[in-house]
Amino acid sequence: MPRCGAGGWSQSPSRRSGAAFTTLLLTVYTILSKVHSDPNVYPSAGVLFVHVLEREYFKGEFPPYPKPGEINNDPITFNTNLMGYPDRPGWLRYIQRTPYSDGVLYGSPTTENMGKPTIIEITAYNRRTFETARHNLIINIMSAEDLPLPYQAEFFIKNMNVEEMLASEVIGDFLGAVKNVWQPERLNAINITSALDRGGRVPLPINDMKEGVYVMVGADVTFSSCLREVEIPQNQLKCSQEMEPSITCDKKFRTQFHIDWCKISLVDKTQHVSAYQEVVRGEGILPDGGEYKPPSESLKSRDYYSDFLITLAVPSAVALVLFLILAYIMCCRREGVIQLVHHSAIQKSTKELREMSKNREIAWPLSTLPVFHPVTGEIVPPVHPDSYDNTSMPLMQTQQNLPHQTQIPQQQTEGKWYP
């Protein structure tokens, strides 16, 4: 019996051990159920396969919001890849428009993957808590009876995006409209491709423009007269002029689907066209050399030391010769030697004049002092340089008194001269 204590209700040790064992069993059952909960799908080869990755299914893998009562609307994105490989199989595509919308896997399985399970790893990322959850999707491709259907038509729908077209009710409405026009006994959707995967341009975010989607359907009867109206020369001319052709059955689609009839493609599989074409040997085509045979492991080792030296020695020798030629031209055959000598003389004279200008104690030149005639004693003014040709005279006269030269009087006071 439970009894009440200071801390609340308590149980006996046997009851506690039984509760712990029950909790352990529930935990093991939950783990096993998660391990074995990988869904299996069985699509048919050549028929459109669509699998929706629901966000609600993965929300239970992540903890709820800390505040009770709030709506759990975490942004969740998905990453899908083939087990053991970085990407999905070539026939399988994936799209998710926003982190708040469901992801969709879609494509048309091929017969090459029949007979073996294709395991797709699905990793969900919670963009709020940065937690991840992983599940596997096992795809078992089955062979379809009487497939592929011999008559196939591909429509381009301008007012739809690929995720909108993949909805079951939308693709069902489209197949119903095609069945009313074509009147086949069996009609299947073969593949759906976004216009962006065909080289289309991303539409501008105005006027609710759509990317466009290609939908290929197959039937067991030949094409109806309405579908063949696009092959009429008048409609072909309108298509070449980027005008809408006149199709009588367009009104059966116009209410929900805007079809570009100029891009419709009709394929008749009953007309067997040989895929083998004889290859004409010519320019650009190499002869068939058979299978590639890799070299054996018993090849002899080769010494590349001499090749390495030659590779370095030849360019180094050429570079050295060019350097010597350039040095000879720049140093030994320089022009303008006379100009250089003249420039050196000018620099030397300039240096001497600057040294002389620094010494202000030197006596004034004789040509700048008043002199007197040695015979008459009259004062003679200095000789003006314009009165004679001074091209052959030195710039500075000597200041030393020669033995045969008369002493020049020095000025003592203003107006008087003494010998």
Side-chain angles (χ1 to χ4, degrees), residues 41-52 91-93 95 104-114 139-195 197-198 210-232 235 244-273:
V41 292
Y42 299 89
S44 299
V47 180
L48 178 65
F49 164 73
V50 179
H51 182 78
V52 180
W91 61 270
L92 188 62
R93 296 185 178 94
I95 186 170
V104 181
L105 287 169
Y106 67 99
S108 181
T110 58
T111 57
E112 289 79 5
N113 297 320
M114 290 172 47
I139 302 176
N140 302 280
I141 302 175
M142 310 297 293
S143 61
E145 298 179 358
D146 300 332
L147 289 177
L149 295 174
Y151 301 96
Q152 299 177 1
E154 187 178 54
F155 300 85
F156 177 65
I157 304 175
K158 298 184 291 184
N159 64 327
M160 287 286 177
N161 289 333
V162 63
E163 70 275 7
E164 299 173 348
M165 196 67 195
L166 289 172
S168 58
E169 60 275 7
V170 177
I171 191 63
D173 294 341
F174 179 75
L175 291 178
V178 174
K179 190 172 183 179
N180 292 334
V181 173
W182 201 338
Q183 297 296 329
E185 294 183 1
R186 292 189 300 110
L187 182 69
N188 289 328
I190 298 177
N191 200 1
I192 292 180
T193 307
S194 173
D197 297 333
R198 297 284 188 91
K210 304 294 184 178
E211 299 171 356
V213 60
Y214 289 89
V215 181
M216 178 175 285
V217 298
D220 56 347
V221 297
T222 186
F223 306 108
S224 63
S225 59
C226 176
L227 297 179
R228 290 192 177 275
E229 289 181 3
V230 72
E231 299 176 351
I232 299 175
N235 289 332
E244 291 188 4
S246 300
I247 308 297
T248 57
C249 58
D250 180 62
K251 59 183 178 181
K252 297 183 178 180
F253 297 91
R254 182 64 62 176
T255 56
Q256 188 176 0
F257 307 99
H258 296 172
I259 297 178
D260 189 349
W261 292 99
C262 292
K263 294 184 178 180
I264 189 173
S265 175
L266 305 177
V267 179
D268 187 359
K269 294 289 186 179
T270 59
Q271 298 179 359
H272 299 284
V273 179

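Computation of the quantities below employed the complete heavy-atom set of this structure, encompassing side-chain atoms and omitting hydrogens, waters and symmetry-equivalent molecules. By convention here, the first residue in the shown sequence is residue 1.
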Can you confirm whether the side chains of Asn235 and Trp261 place a donor and an acceptor under 3.5 Å from each other? no
To the nearest 0.5 Å, atom SG of Cys226 lies from atom NZ of Lys252 at 7.0 Å
For atom CE of Met114, is the number of surrounding heavy atoms from other residues, nucleotides or ligands below 6.0 Å larger than 12? yes
Taking the side chain as C-beta and beyond, is there a heavy-atom pair between Glu244 and Asp250 under 4.5 Å? no
Can you measure from OH (Tyr151) to CZ (Arg186) and round to the nearest 0.5 angstrom? 12.5 Å
Please confirm whether Phe155 and Phe174 have ring centers closer than 6.0 angstrom. yes
Going through the distances and angles, do Val215 and Ile171 end up as a side chain to side chain contact (heavy atoms under 4.5 Å, CB included)? CA-CA 9 Å; Val215 181; Ile171 191 63; 4.3 Å; yes
Are there more than 12 heavy atoms of other residues, nucleotides or ligands under 6.0 Å from atom NZ of Lys210? yes
Side chains of His51 and Ile139: closer than 4.5 Å at any heavy-atom pair? no
Do Val221 and Gln183 have side chains that get closer than 4.5 Å, going by heavy atoms? no
Distance in Å, Asp197 CG paired with Glu211 CD, rounded so as to fall on 0.5 Å steps: 9.0 Å
Of the non-hydrogen atoms in Ile190 and Val217, which two are nearest, and what is the gap between them? CD1-C, 3.9 Å
Scanning both residues in full, the closest heavy-atom pair of Val47 with Pro109 reads O-CD, 3.2 Å
Is a side-chain N or O of Gln256 found less than 3.5 angstrom from the main chain of Asp173, in a donor-acceptor match? no
Any side-chain heavy-atom pair from Ile259 and Phe156 closer than 4.5 angstrom? no
Closest non-hydrogen contact found for Pro43 with Asn140 is CD-O, 3.3 Å
Between CH2 on residue Trp91 and CG on residue Asn191, distance to nearest 0.5 Å: 10.5 Å
Say you draw a straight line from CG of Leu48 to CD1 of Ile192; how long is it, rounded to the nearest 0.5 Å? 4.5 Å
Within this structure, what is the CG-CD1 distance for the pair Asn159 and Ile157, rounded to the nearest 0.5 Å? 7.0 Å
Are Leu92 and Phe49 side-chain neighbours, meaning at least one heavy-atom pair lies under 4.5 Å? yes
Tell me the closest heavy-atom pair linking Asp220 and Pro150, and the distance in Å. CA-CD, 4.2 Å
Do you know which two heavy atoms are closest between Phe257 and Val170, and how far apart they sit? CZ-O, 3.7 Å
Compare every heavy atom of Val213 with every heavy atom of Thr193, then report the nearest pair and how far apart it is. O-CG2, 3.4 Å
Is any side-chain heavy atom of Glu231 less than 4.5 Å from a side-chain heavy atom of Leu266? yes
